[in-house]
Every structure is written in structure tokens, then in C-alpha cells.
Amino acid sequence: MKYLILSISCLVLLAVGGCPAPPAPENELRDLLTKIRQVPNTVHDLKTVRITWERDYDLEADSRQLTFLYKHPDKYKLISSGTDGSNRIQVYNGTAGADITGDVTQQLSLEAIVELKLNILKAVINDPTAPYSTGLTLSSRPKSVLQHQCFYLRGSRQLDGVPVEEELFLDATNFLPVRIITKIKFDSGEKLYTNDFFNYHLQDGLVLNGLMVKYDPIKAIFRNIKYEINPEIPDSEFAVPEPK
């Protein structure tokens with residue numbers, strides 16, 4: 001009887017979108033991760049990085065230039081400059097963070113720290129499986145996304161104690177990310193957004209995406225301007241001023 005009930009449930013699910021595919025065997029996931037991390041010209045581990053993007057929102061006229069800085073293992077900085085002359089800096093030094101707008105400095109909240117880390121890592125690392133040592137499952141059913149046949153992985157991890165779930169769609173030919181759907185489970189509620197990646201090209205010996213589109217839910221377009229791998233970035237760059 002329980003098998004009949006299961007079959008009927010699947011028929012209902014198929015009618016509205018299909019039964020979820022069962023996970024692939026663990027050895028298939030392990031083999032895929034090995035292949036991903038052996039792909040030449042991709043970024044898996046970084047010591048330092050500085051990357052500059054131009055960001056445009058569909059519903060806003062103001063274009064902003066964003067500079068992301070990362071230093072291993074846990075230092076992050078985002079500098080946002082507007083065409084109207086406005087500037088905003090978010091910085092985290094591994095233990096504390098600050099949000100600086102003009103002459104006003106505020107403590108960076110846990111929610112802001114988690115989003116800062118996720119945004120920078122998506123912008124600078126083209127192997128989205130890298131943050132996972134465990135917590136990944138591979139679907140036995142491939143997905144078609146943005147005209148790419150993709151491996152479909154689901155990941156679950158903790159970032160600073162905050163649960164993060166991700167759906168990773170990796171091109172089945174070159175293993176580069178096509179789409180990442182992220183759900184962050186804050187105490188105040190869930191936040192969901194999607195990143196799509198386009199225009200991969202070879203720059204300074206690395207395969208980089210030249211265009212990233214984020215739905216948060218407003219559509220934002222990020223265009224890669226400059227990418228520096230392992231530049232000299234002193235710790236003083238991540239100094240956190242006192243709130244004022």
C-alpha cells in the first residue's frame with residue numbers, strides 16, 4: 001500500500017512539475033568534484049584578489065562602480081562609488097566590521113557580514129563548490145538552464161552560524177557556474193536571490209565571467225572591468241574604524 005501511495009504522490013507531483021530527482025551515488029559526486037577542481041585556468045583557492053565591477057539596476061539611473069577586495073582567510077571589503085559622487089564602504093577584518101557612508105560609521109550587522117562574504121565570493125571564485133567540504137548532493141537528473149546542459153547540485157552549510165542553502169547549476173562541458181540560487185536563513189527571515197553568469201573569457205591566464213546578472217529581486221547587471229589575482233593587499237586595507 002505504501003508503494004501505491006508513493007506512486008500516486010509522484011503522479012501528482014509530475015502533473016505540477018515532476019518528482020524531485022534522487023541524488024546521484026556518492027562516488028559520482030566525488031568524481032565530479034575531482035574533475036571540477038582539476039580544470040585549468042579556474043579559481044579555486046585565493047590568497048588575495050581585487051576586482052572592479054560596474055553595476056546597473058534596471059529601475060535606477062545611477063550606475064555604481066564596485067571594488068571587491070578579499071584576503072585569505074577571512075578579510076573582505078566592498079567599495080561602492082556612484083556617478084553622483086556618493087561613496088559607501090563595507091569592511092570586515094575577520095572579527096569585526098563597519099559600514100561607512102560619508103562621515104557616518106556604523107557597526108556591520110551579522111546579516112550584512114554574511115551577505116558581504118557571499119557577494120564577494122560569488123564575484124571572485126568561479127568554482128562555487130570550493131566552500132563545501134561536505135553538505136553537497138548531486139542530482140541524478142541534469143538540468144537545462146540558459147541553453148546550457150548543467151550538472152545540478154544542492155549545497156547546505158553554515159556561514160558565521162547562519163544557515164545557507166544553494167542550488168548550483170554547472171555547465172556539463174566546462175564545469176563553470178551558469179546559475180547559483182542562494183537562500184540565507186536569517187533569524188529575521190529568509191533572503192533568496194539568483195546569480196546568472198555570462199561571457200566567460202580568458203584574462204591573465206584565468207577563465208573569468210565578464211557579466212553577472214543578479215535578481216534580488218530587482219535585476220542588477222554587473223560588468224567586469226578589472227580583475228587582479230594575488231595582488232599585494234596590506235592588512236591595513238581592512239582596518240575597521242570605531243562607530244561615529
Side-chain angles (χ1 to χ4, degrees), residues 43 46-125 131 158-164 180 182-195 208-209 211-244:
V43 183
L46 291 168
K47 299 303 180 187
T48 61
V49 66
R50 182 187 291 113
I51 181 171
T52 302
W53 296 78
E54 183 181 81
R55 185 196 68 194
D56 295 289
Y57 277 116
D58 269 1
L59 303 180
E60 294 182 12
D62 180 31
S63 175
R64 301 191 73 83
Q65 182 168 294
L66 307 178
T67 299
F68 299 96
L69 291 88
Y70 169 74
K71 186 170 185 178
H72 182 80
D74 203 28
K75 291 182 171 64
Y76 302 81
K77 187 174 186 178
L78 168 60
I79 305 169
S80 173
S81 305
T83 54
D84 59 356
S86 62
N87 290 284
R88 181 184 181 186
I89 298 173
Q90 290 181 301
V91 59
Y92 180 72
N93 64 8
T95 56
D99 191 328
I100 308 160
T101 304
D103 295 328
V104 179
T105 300
Q106 297 179 314
Q107 183 177 352
L108 208 59
S109 67
L110 174 61
E111 293 187 7
I113 291 170
V114 169
E115 291 199 57
L116 175 67
K117 291 182 177 184
L118 288 171
N119 287 333
I120 289 182
L121 291 177
K122 282 183 176 61
V124 305
I125 296 180
Q158 296 270 331
L159 185 58
D160 292 339
V162 176
V164 176
I180 301 175
T182 304
K183 180 189 290 185
I184 315 171
K185 296 184 175 182
F186 295 118
D187 289 342
S188 59
E190 295 183 353
K191 183 156 189 180
L192 179 71
Y193 58 87
T194 298
N195 291 85
L208 306 173
N209 73 83
L211 183 69
M212 180 171 64
V213 180
K214 182 178 181 180
Y215 301 89
D216 186 22
I218 300 172
K219 180 180 178 182
I221 300 172
F222 298 77
R223 296 175 178 85
N224 187 345
I225 298 175
K226 188 176 182 181
Y227 203 114
E228 299 174 76
I229 296 293
N230 295 326
E232 288 292 329
I233 303 179
D235 286 346
S236 59
E237 188 71 55
F238 302 92
V240 175
E242 292 291 329
K244 62 178 181 178

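FYI, side chains are in, hydrogens and waters are out, and symmetry mates aren't considered; it's all heavy atoms of this structure.
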Quick one: does [X]'s side chain get under 4.5 Å of [Y]'s, heavy atoms only?
X      : Y      : result
Leu192 : Thr182 : no
Glu54  : Ile221 : no
Tyr193 : Ile184 : yes
Leu66  : Leu78  : yes
Asn195 : Val213 : no
Asn230 : Val49  : no

With sequence neighbours excluded, tell me which residues meet side chain to side chain contact (heavy atoms under 4.5 Å, CB included) with [X].
X      : result
Glu228 : Arg50, Lys226, Pro231
Ser188 : Glu111, Phe186
Asn209 : Trp53, Phe197, Tyr200, Met212
Leu159 : Val114, Lys117, Leu118, Arg157, Val164

Rounded to the nearest 0.5 Å, what's the gap from [atom1] on [X] to [atom2] on [Y]? Could you check?
X      : Y      : atom1 : atom2 : value
Arg55  : Arg64  : CZ    : CZ    : 6.0 Å
Ile113 : Tyr76  : CD1   : OH    : 11.0 Å
Lys219 : Thr194 : NZ    : OG1   : 12.5 Å
Phe238 : Ile233 : CZ    : CD1   : 5.0 Å
Asp56  : Phe222 : CG    : CZ    : 9.5 Å
Ile51  : Leu208 : CD1   : CG    : 7.0 Å

Does [X] have any side chain to side chain donor-acceptor pair (under 3.5 Å) partners at least two apart in sequence or in another chain, and if so, which?
X      : value
Lys71  : Asp235
Gln65  : none
Lys191 : Glu115
Asn87  : Ser81

Under 3.5 Å, is there a donor-acceptor pair between the side chain of [X] and the main chain of [Y]?
X      : Y      : value
Thr101 : Val104 : no
Asp84  : Ser86  : yes
Arg223 : Leu211 : no

Is Gln158 atom CD crowded by more than 12 heavy atoms from other residues, nucleotides or ligands, each under 6.0 Å away?
-> yes
Is Glu242 atom CD crowded by more than 12 heavy atoms from other residues, nucleotides or ligands, each under 6.0 Å away?
-> no
Do NZ/NE/NH1/NH2 and the carboxylate oxygens of Lys77 and Glu237 come within less than 4.0 Å?
-> yes
Check against side-chain contact (heavy atoms from CB on, under 4.5 Å), Leu108 and Val240 = CA-CA 10 Å; Leu108 208 59; Val240 175; over 6 Å; no
Cut-off 3.5 Å, no hydrogens considered: what does the side-chain donor-acceptor table look like for residues 90-99, sequence neighbours left out?
residue: Tyr92; atom: OH; partner: Gly94; partner atom: O; Å: 3.0
residue: Asn93; atom: OD1; partner: Thr95; partner atom: N; Å: 2.9
residue: Asn93; atom: OD1; partner: Thr95; partner atom: OG1; Å: 3.1
residue: Asn93; atom: OD1; partner: Ala96; partner atom: N; Å: 2.8
residue: Asp99; atom: OD1; partner: Arg88; partner atom: NE; Å: 3.1
residue: Asp99; atom: OD2; partner: Arg88; partner atom: NE; Å: 3.4
residue: Asp99; atom: OD2; partner: Arg88; partner atom: NH2; Å: 2.5

Scanning both residues in full, the closest heavy-atom pair of Pro241 with Ile100 reads CG-CD1, 3.7 Å
Across all chains, not counting sequence neighbours, the salt bridge (Lys or Arg N to Asp or Glu O under 4.0 Å) partners of Asp103 are none
